[in-house]
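Computed over heavy atoms, backbone and side chain alike; hydrogens, waters and symmetry mates excluded. Just so it is clear: chains get the letters A, B, ... in the order the sequence lines come, proteins before strands, and each one is counted from 1. Here the structure is a predicted model, which means the values were calculated and not measured.
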Amino acid sequence: MSALPDSDLASPAARKLLAWYDNHARDLPWRVGPAERARGERPDPYRVWLSEIMLQQTTVAAVRAYFHTFTTRWPSVAALAAAPEDDILKAWAGLGYYSRARNLKKCAEAIVADHGGTFPQTVEGLRALPGIGEYTSSAIAAIAFDVPAPVVDGNVERVVTRLHAIETALPRAKPEVRTIVGEMLDAGRPGDFAQAMMDLGATICTPKRPACLHCPLRGDCRALATGDPERFPVKAPRKDKPRRVGAAFVLTRPDGAVLLEKRGGTGLLAGMTQVPTTGWTARADGETGREAAPFQSLDWVRCGAVAHVFTHFSLDLTVWRATGDLAPRAGQWWSPAEELGGEALPTVMKKAIGCALPGTF
DNA sequence: GAATCGTGGTT
DNA sequence: TAACCAAGATT
């Protein structure tokens with residue numbers, strides 16, 4: 001007997017989906033599977049929250065190692081709230097969208113300070129916390145607390161626009177998708193339903209070459225009936241990505257230490273660590289030469305270029321290297337070679353340092 | 001609504 | 001190779 005039987009209110013599609021999920025759920029470190037859930041086991045809201053923040057616009061494969069690192073080092077929301085922000089940024093380095101890491105700390109602090117160290121159990125209560133928006137509030141409420149909330153992420157948008165062959169382009173179709181999910185969802189197993197929809201989108205109803213023959217909803221899918229399910233969801237064409245240029249300056253001390261500094265508190269890579277750089281300008285003839293280097297007395301040598309793609313522009317970074325031993329300017333410090341890997345260096349900076357000091361990253 | 005905000009994998 | 005995409009949030 002299941003602890004949370006399928007509700008009589010569930011749509012036929014939801015019942016088929018849950019039956020599929022009971023046999024094909026992905027095994028994920030932050031997840032309580034359908035069998036354990038039916039036995040009454042509940043997920044840890046802290047782990048659900050942490051995973052949902054990490055998974056925003058980020059693949060499961062990329063999240064796994066970070067999730068393990070974070071939960072090992074900070075096993076509870078109280079532990080995370082007590083951690084210095086710099087430690088969290090260092091541990092987040094490489095995962096991207098760094099405002100998530102700063103909001104993670106703020107959110108943990110708010111839960112400890114305003115909620116007695118336990119997570120709010122309503123969509124509205126969760127939604128009011130830093131870094132938690134429409135999707136994440138619904139997902140945590142459904143998965144951690146079995147609140148019957150419509151959970152709509154990119155997977156669900158794809159599944160639903162295909163099921164109903166919705167011609168309206170995203171994001172304009174999102175309200176309609178939410179309504180449909182709200183009508184579909186199983187009031188008996190809201191958490192499993194939300195995760196089942198996402199698993200279906202991730203493993204069967206994929207963006208390219210969906211495995212419709214294995215889909216539990218194939219008999220209900222209007223997009224499949226059209227013969228071209230890949231055509232959905234309809235999306236507006238993307239704007240092309242501008243190219244920017246800049247230069248990075250890797251200064252090493254004779255003992256191998258590297259000169260680093262902290263970026264400002266707002267904008268791109270806010271609060272993260274970098275080597276000195278020029279601004280990154282949209283001008284193709286922007287400053288990329290040694291005349292832009294700090295410490296003009298040093299013998300700067302051009303050692304190559306790195307290409308890096310951000311969300312809304314591509315960057316071609318000319319990399320310069322020099323060796324010297326001088327006093328860091330305000331806000332700068334020498335990072336010993338053996339500590340470099342622990343710094344809050346975003347990937348673009350690891351590329352630049354690796355270009356100047358082969359074998360470092 | 002549009003722009004901003006990272007990175008790595010897939011096609 | 002370039003485009004697309006991934007459990008989106010914030011301003």
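- The interatomic distance linking A/Lys241 (NZ) with C/dA2 (C1') rounds to 10 Å, in whole Å.
- Across the interface with DNA chain C, nearest-nucleotide mapping of A/Leu55 and A/Gly131 shows A/Leu55 to be the residue nearer the 5′ end.
- Taking atom CE on A/Met54 and atom P on B/dG8, their separation rounds to 15 Å, with Å as the unit.
- Nucleic acid contact for A/Gln195: none, since no nucleic acid atom lies under 4.0 Å from a heavy atom of the residue.
- Backbone-only engagement by A/Pro130 is indicated by non-hydrogen atom pairs under 4.0 Å involving sugar-phosphate atoms exclusively.
- Here B/dG1 is the nucleotide among B/dG1, C/dC4, B/dG6 with the atom lying nearest to any side-chain atom of A/Arg172.
- If you check distances only, the side chain of A/Thr311 does reach the base of B/dG6 with a donor-acceptor pair under 3.5 Å.
- Across all strands shown, A/Gly201 has no heavy atoms under 4.0 Å from either base or sugar-phosphate atoms.
- Of all nucleotides listed (C/dA7, C/dA9, B/dT7), C/dA9 comes nearest to the side chain of A/Gln56.
- Residue A/His308 has no polar side-chain atom (N or O) positioned under 4.0 Å from OP1 or OP2 of B/dG6.
- Computed from coordinates, the A/Arg244 CZ to B/dG6 P distance equals 12 Å when rounded to whole Å.
- A gap of 23 Å separates the P atoms of C/dA7 and B/dC5, to the nearest Å.
- Minimum atom distance to the side chain of A/His312 is reached by B/dT4, of the listed C/dA7, B/dT4, B/dG6.
- Cation-pi geometry between A/Arg263 and A/Trp280 is met: the NZ or CZ atom falls under 6.0 Å from the ring centre, inside 45° of the normal.
- Note on A/Lys239: only backbone sugar-phosphate atoms sit closer than 4.0 angstrom, heavy atoms only; bases stay farther off.
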- Report the C-alpha separation of A/Gln56 and A/Thr136 in whole Å, then their side-chain angles, then the decisive distance to 0.1 Å, and conclude whether the side chain to side chain donor-acceptor pair (under 3.5 Å) test is met. CA-CA 9 Å; A/Gln56 290 169 0; A/Thr136 305; 3.0 Å; yes
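- The backbone N or O of A/Ala247 sits less than 3.5 Å from a side-chain atom of A/Thr278, completing a donor-acceptor pair.
- Rounded to an integer number of Å, the gap from A/Asp153 CG to C/dC5 P is 14 Å.
- As judged by a 4.0 angstrom heavy-atom cut-off over every strand, A/Val309 is placed among the base-contacting residues.
- Rounded to whole Å, the distance from CD on A/Gln57 to P on C/dC4 is 15 Å.
- Counting non-hydrogen atoms under 4.0 angstrom, A/Trp92 reaches nothing in the nucleic acid.
- For A/Thr136, taking side-chain heavy atoms from C-beta onward, the closest of the listed nucleotides C/dA9, C/dC5, B/dG6 is C/dA9.
- Both cation-pi conditions hold for A/Arg329 and A/Phe295: the charged atom is under 6.0 angstrom from the six-membered ring centre and inside a 45 degree cone around its axis.
- Side-chain to base pairing of A/Thr58 with C/dG8: no donor and acceptor N or O lie closer than 3.5 Å to each other.
- A/Arg102 comes within contact range of no nucleotide atom at all, as no heavy-atom separation falls under 4.0 Å.
- Checking C/dA6, C/dA7, C/dG8 against every side-chain atom of A/Leu28, the shortest atom distance belongs to C/dA7.
- In terms of modelled atom types and a separation under 3.5 Å, the side chain of A/Thr206 and the main chain of A/Ala202 share no donor-acceptor contact.
- Nucleotides C/dA9 and B/dG8, compared at atom P, are 22 Å apart to the nearest Å.
- Considering only side-chain atoms of A/Glu52, the nucleotide from B/dG6, C/dA7, C/dT10 that sits closest is C/dA7.
- The separation between A/Ile53 atom CD1 and B/dG6 atom P is 15 Å, rounded to whole Å.
- Atom P of nucleotide C/dC5 and atom CG of A/Asn155 are separated by 12 Å, given to the nearest angstrom.
- For A/Phe310, the side-chain atoms get nearest to B/dG6 when compared with the rest of C/dA9, C/dA7, B/dG6.
- Separating the CZ atom of A/Phe67 from the P atom of C/dA6 is a distance of 22 Å, rounded to the nearest angstrom.
- Contact annotation: side chain of A/Arg127 to base of C/dA9, donor-acceptor pair absent below 3.5 Å.
- Under 4.0 angstrom from either OP1 or OP2 of B/dT7 there lies at least one side-chain N or O belonging to A/Tyr98.
- A cation-pi geometry, defined here as NZ or CZ lying under 6.0 Å from the six-membered ring centre and within 45° of its normal, does not hold between A/Arg162 and A/Phe232.
- Within 4.0 Å of A/Arg209, counting heavy atoms only, lies no atom of the nucleic acid at all.
- Proximity of a side-chain donor or acceptor of A/Asp146 to a complementary backbone N or O of A/Gly191 within less than 3.5 Å is detected.
- Place A/Lys208 and A/Tyr97 on DNA chain B by their nearest nucleotides, and A/Tyr97 ends up nearer the 5' end.
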